[in-house]
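To start, the structure itself, in structure tokens.
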Amino acid sequence: MRFFITADEDGYLRIEEECEAAITLNIADRKARILSIVVPSSKRRQGVGSALLCSAEAELISRGIRSLEADFSSGIQGMPEFFEKEGFEVIESDSVLRIDTKKLLSSGMIKNTLKAEMSGGEFVAFEELGMDRWDELFSSLSALRLHLSQREMNRFSRSMSGVVFDPKNEIRSVILVSESEEGVHIDFLLSFREGNADFERMALQGMLAALVVSGGAKEFPGITYICGGESVTKFLGSALPEKPGKAGAAIFAKKELSENAGTEERLEEDLIGNAEVFWLKECKKVPFQLNICRKMPRIREIRSGRPVFRYELEDPLDIRYGIRWDEDENEGLREIFTKRITAGNLMDYQKILPADAVRDLPRPAFRGLLEERGPHTSYLIYELKDREGRGLSEIRWIGLDGSGSDLFSEYENEVTEAGVVKSTIETDPGNKEALAEAGFETELRESREITVTVGELMKFPFLSMKVPDFIQHLSEIGARQFKRGIGCCMLNGRKGLLEDLGHLPVEWFDGDVSSVLLTDGTANGMLLVHQLPSHRLSVDLLFSAGGDSQINNLRLIIHSIRAAGEKYPEDTVVILRRHNEAVQAITNKLFPGKKGRTVLYGERKEG
């Protein structure tokens, strides 16, 4: 076995085994806490988890750490037995609620709670909290003996963590939420001053509304809450058709470490034998998050029948796949270099990438890969989607300078790791051979995209229809109203074209052309338009709630077309993407006979 040890200056430590098993820990006050142990299903019951724990203990002892702790759900099969076998003292805890996010958010009570205005308070997420209020927040937390630095606060979700202000604009409650692969963890929830339970429930209400916008049950399957306020526990329990389990919902495991505790002997017995042990210690600043480490530096050896080359990564977060060598009849050894496009290196490649792709790549749902084969550079940019509970990947831009075989190979690795079951692409017919080699089934068909001009839209006869005052420009509402409007869309299962709708700020959209339906001060409908770097307009979302949705959708369309006619030249191109049957029906009605261009459509099963 080979182990790669990575530590950062904030006290986080990760040990990764070459089969991609890993243990992540946090070190503070001469104690270490296990945040996660991950072992691939194909490697379980083979001693890999035990070997990881052995290596972690040895590393901790070398750093002077003498106590190791862990908190885990007792629902994880075999976890209590594993810790007992490894010499930990294991105690069952009944002070933790574990709630299924999907069941909670589908509860009628919770839906009504999220739609209702808070009475007597206002929830403000950390990402919207002004700098002048941070000192006040730290003072309030310190008064409760919760001393946190700004760096430590960064481990909490900025969208779901927040405070509740009372009508006098004073902080009344705070909720601190961290994210993990298992879901979200409510680490701290308390009402200040009189400890009013109503303000605790308001903080929870604000967190749940932000959770919906951040991806809901698709991104965060479970909610963990350390039972504190009896009122909040009762509130969560009463929202569910079945009571959330408490007894045995969590375990606490603790072990005292000692140089004489047999760790070195266990390491020698478990790891050496016939296996090769390789230690690589790196000290780099890595952006860790509590309970989860998504991006870790990896150093891989590539064997191709030649001596093994080890490539030291200058920036481990930018270059993922390293380097390999191919034999070419004419060129001899040549370098093939495949890397992930990130925010850090995006500007280096912006000249070869489409302008619209450069704008989209920093978004959470988009990924990009580059292949440099000598003087030739190919790229592939895709968007991860979740439709009907299935992981899908849509390749949005592709540029092949050469075969691109390694590009598709690394793409397959990435989407398989992301749980994608199918990939699709619409591209130029000239890429047919490359797609066929990559295993795509292809056919020529009409594109889902149609394009019209602002001038064509201005010719619609129904533009003379009167639009009521409750239809307004997006620029006329605030960021908080916008967020609530997005939450309303997502509660109703609508994201339009935007997989990452909940992550986009109001500034992403053209506020002068996008339209909003306001009822009682709440945004219950939206038509969102984005101006692309290519100067085209993209209609990204059309949605309105309630029984009058059809007429209100028409009002939103009229309002936005009029605004576009006033702001943009008549030859400005507008992109309409027929991503579902409802949009297809609208475009057929508005533009009878309008066809998209002929494209090569490709589809491939993944996983």
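Along the sequence shown, residues are numbered consecutively beginning with 1. Only a predicted model underlies this, so the values are computations on that prediction, with no experimental measurement involved.
- Counting non-hydrogen atoms of neighbouring residues, nucleotides and ligands closer than 6.0 angstrom, the CD atom of Glu446 exceeds 12 such neighbours.
- When all heavy atoms of Leu407 and Leu370 are compared, the closest pair comes out as CD1-C, 3.8 Å.
- With rounding to the nearest 0.5 angstrom, the CH2 atom of Trp508 is 12.5 Å from the OG atom of Ser514.
- The closest donor-acceptor contact from the side chain of Thr453 to the backbone of Asp571 lies at 3.5 Å or more, if one exists at all.
- Salt bridge annotation for Lys594-Glu456: present, with a cationic side-chain nitrogen under 4.0 angstrom from a carboxylate oxygen.
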Check the pair Glu570, Met458 against side chain to side chain contact (heavy atoms under 4.5 Å, CB included), reporting the backbone distance first and the verdict last. CA-CA 8 Å; Glu570 289 188 357; Met458 292 299 294; 5.9 Å; no

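- By the 4.0 Å N-to-carboxylate-O rule, Glu394 lies close enough to Arg448 to be salt-bridged with it.
- Heavy atoms only, all atoms of each residue included: Val163 and Leu137 are closest at CG1-CD1, 3.7 Å.
- One distance of note links CD of Glu371 with OH of Tyr379; it measures 14.0 Å at 0.5 Å rounding.
- In this model, no donor atom of one side chain and acceptor atom of the other lie less than 3.5 Å apart for Gln550 and Asn553.
- Side chains of Leu528 and Ile486 form a contact here, defined as non-hydrogen atoms less than 4.5 Å apart.
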Derivation and outcome, side chain to side chain contact (heavy atoms under 4.5 Å, CB included), residues Tyr601 and Thr442: CA-CA 5 Å; Tyr601 174 80; Thr442 62; over 6 Å; no

Show, in sequence, the C-alpha distance, side-chain angles and deciding distance for Ser544 and Ser549, and conclude whether the side-chain hydrogen bond (donor to acceptor under 3.5 Å, both in side chains) test is met. CA-CA 5 Å; Ser544 60; Ser549 60; 4.8 Å; no

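- Between the side chains of Asp356 and Ser534, at least one donor N or O lies within less than 3.5 Å of an accepting N or O.
- The shortest side-chain heavy-atom distance between Leu554 and Met465 falls under the 4.5 Å cut-off.
- Under 3.5 Å, the side chains of Tyr568 and Asp510 contain a donor-acceptor pair of N or O atoms.
- Counting only heavy atoms from C-beta outward, the side chains of Thr224 and Val184 never approach each other to under 4.5 Å.
- Residues Met207 and Met202 form no side-chain contact, since every pair of their non-hydrogen atoms from C-beta on lies 4.5 Å or further apart.
- By the neighbour-count criterion of 12 heavy atoms within 6.0 Å, atom CD of Glu433 is sparsely surrounded, having that number or fewer from other residues, nucleotides or ligands.
- Considering only heavy atoms from C-beta on, Arg604 comes within 4.5 Å of Glu412 through its side chain.
- Annotation for Lys567: atom NZ counts as buried by contact number, over 12 foreign heavy atoms lying within 6.0 Å.
- A tilted orientation is assigned to the rings of Phe509 and Phe482, their planes being inclined by 30° to 60°.
- Between the side chains of Ser378 and Asp401, no donor-acceptor pair is found at a separation under 3.5 Å.
- Using modelled atom types, one side-chain atom of Thr101 and one backbone atom of Phe220 make a donor-acceptor pair closer than 3.5 Å.
- A salt bridge does not link Glu122 to Arg172: none of the charged nitrogens lies less than 4.0 Å from a carboxylate oxygen.
- The minimum heavy-atom distance linking Ala365 with Glu499 is given by the pair CB-CB, 4.1 Å.
- Heavy-atom neighbours of Arg363 CZ from other residues, nucleotides or ligands within 6.0 Å: above the threshold of 12.
- Within the model, atoms CD of Glu200 and CD of Gln205 stand 14.0 Å from one another, a figure rounded to the nearest 0.5 Å.
- Taking the six-membered ring wherever Trp is involved, the centroid distance between the rings of Tyr411 and Tyr382 falls below 6.0 Å.
- We find that Glu170 and Lys168 are not joined by a salt bridge, their nearest charged nitrogen and carboxylate oxygen being 4.0 Å or further apart.
- Between Leu346 and Leu353 there is a side-chain heavy-atom pair separated by less than 4.5 Å.
- Closest heavy-atom contact between Leu400 and Ala434: CD1-CB, 3.4 Å.
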When you look at Glu426 and Ser447, which way does the side-chain hydrogen bond (donor to acceptor under 3.5 Å, both in side chains) test go after all the steps? CA-CA 7 Å; Glu426 282 189 2; Ser447 172; 3.1 Å; yes

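- In this structure, CD on Gln481 lies 10.0 Å from CG on Leu474, to the nearest 0.5 angstrom.
- Taken from CD1 in Ile175 to CZ in Phe123, the straight-line distance is 6.5 Å, to the nearest 0.5 Å.
- A side-chain N or O of Thr519 and one of Asn524 form a donor-acceptor pair less than 3.5 Å apart.
- Across all non-hydrogen atoms, the minimal contact from Val177 to Ser161 is N-OG, 2.8 Å.
- Side chain of Thr587 to main chain of Val583: a donor-acceptor pair is present (N/O by atom type, distance under 3.5 Å, no hydrogens or angles).
- Defined by atom type and a distance below 3.5 Å, a donor-acceptor pair is present between the side-chain atoms of Glu606 and Ser423.
- Summarising the local packing, CG of Asp520 is surrounded by 12 or fewer heavy atoms from other residues, nucleotides or ligands at distances under 6.0 Å.
- For the pair Arg484 (side chain) and Leu114 (backbone), a donor-acceptor distance under 3.5 Å is absent.
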CA sep, side-chain torsions, deciding dist, call: Val164, Asp166, side chain to side chain contact (heavy atoms under 4.5 Å, CB included): CA-CA 7 Å; Val164 172; Asp166 65 14; over 6 Å; no

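- Side-chain contact annotation: Thr427 with Asn431, donor-acceptor N/O pair under 3.5 Å present.
- Checking Ser515 against Ser560 by side-chain atom types alone, a donor-acceptor pair falls below 3.5 Å.
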Given Arg597 and Glu449, is the salt bridge (Lys or Arg N to Asp or Glu O under 4.0 Å) satisfied, shown in steps? CA-CA 8 Å; Arg597 64 189 180 92; Glu449 275 187 7; 5.8 Å; no

In sequence, state the C-alpha distance, the side-chain angles, and the governing distance for Leu600 and Asp428, and then conclude on side chain to side chain contact (heavy atoms under 4.5 Å, CB included). CA-CA 6 Å; Leu600 181 70; Asp428 185 274; over 6 Å; no

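- With a 4.5 Å cut-off on side-chain heavy atoms, Arg555 and Ile551 count as touching.
- Annotation: side chain of Val573 is not in contact with side chain of Val454 (no heavy-atom distance under 4.5 Å).
- To the nearest 0.5 Å, atoms CD (Glu441) and NZ (Lys605) are separated by 8.0 Å.
- Using bins of under 30°, 30° to 60° and over 60° for the plane-to-plane angle, the ring pair Phe460/Phe591 lands in the tilted bin.
- Residue Phe543 comes nearest to Cys489 through the heavy atom pair CD2-SG, 3.2 Å, listed as atom of the first residue, atom of the second, then distance.
- Taking a cutoff of 4.0 Å between a charged side-chain nitrogen and a carboxylate oxygen, Glu566 and Arg562 do not qualify as a salt bridge.
- Side chain of His473 to backbone of Val513: no donor-acceptor contact under 3.5 angstrom is found.
- The pair Glu128-Arg158 does not meet the salt-bridge criterion, since no charged nitrogen lies less than 4.0 angstrom from a carboxylate oxygen.
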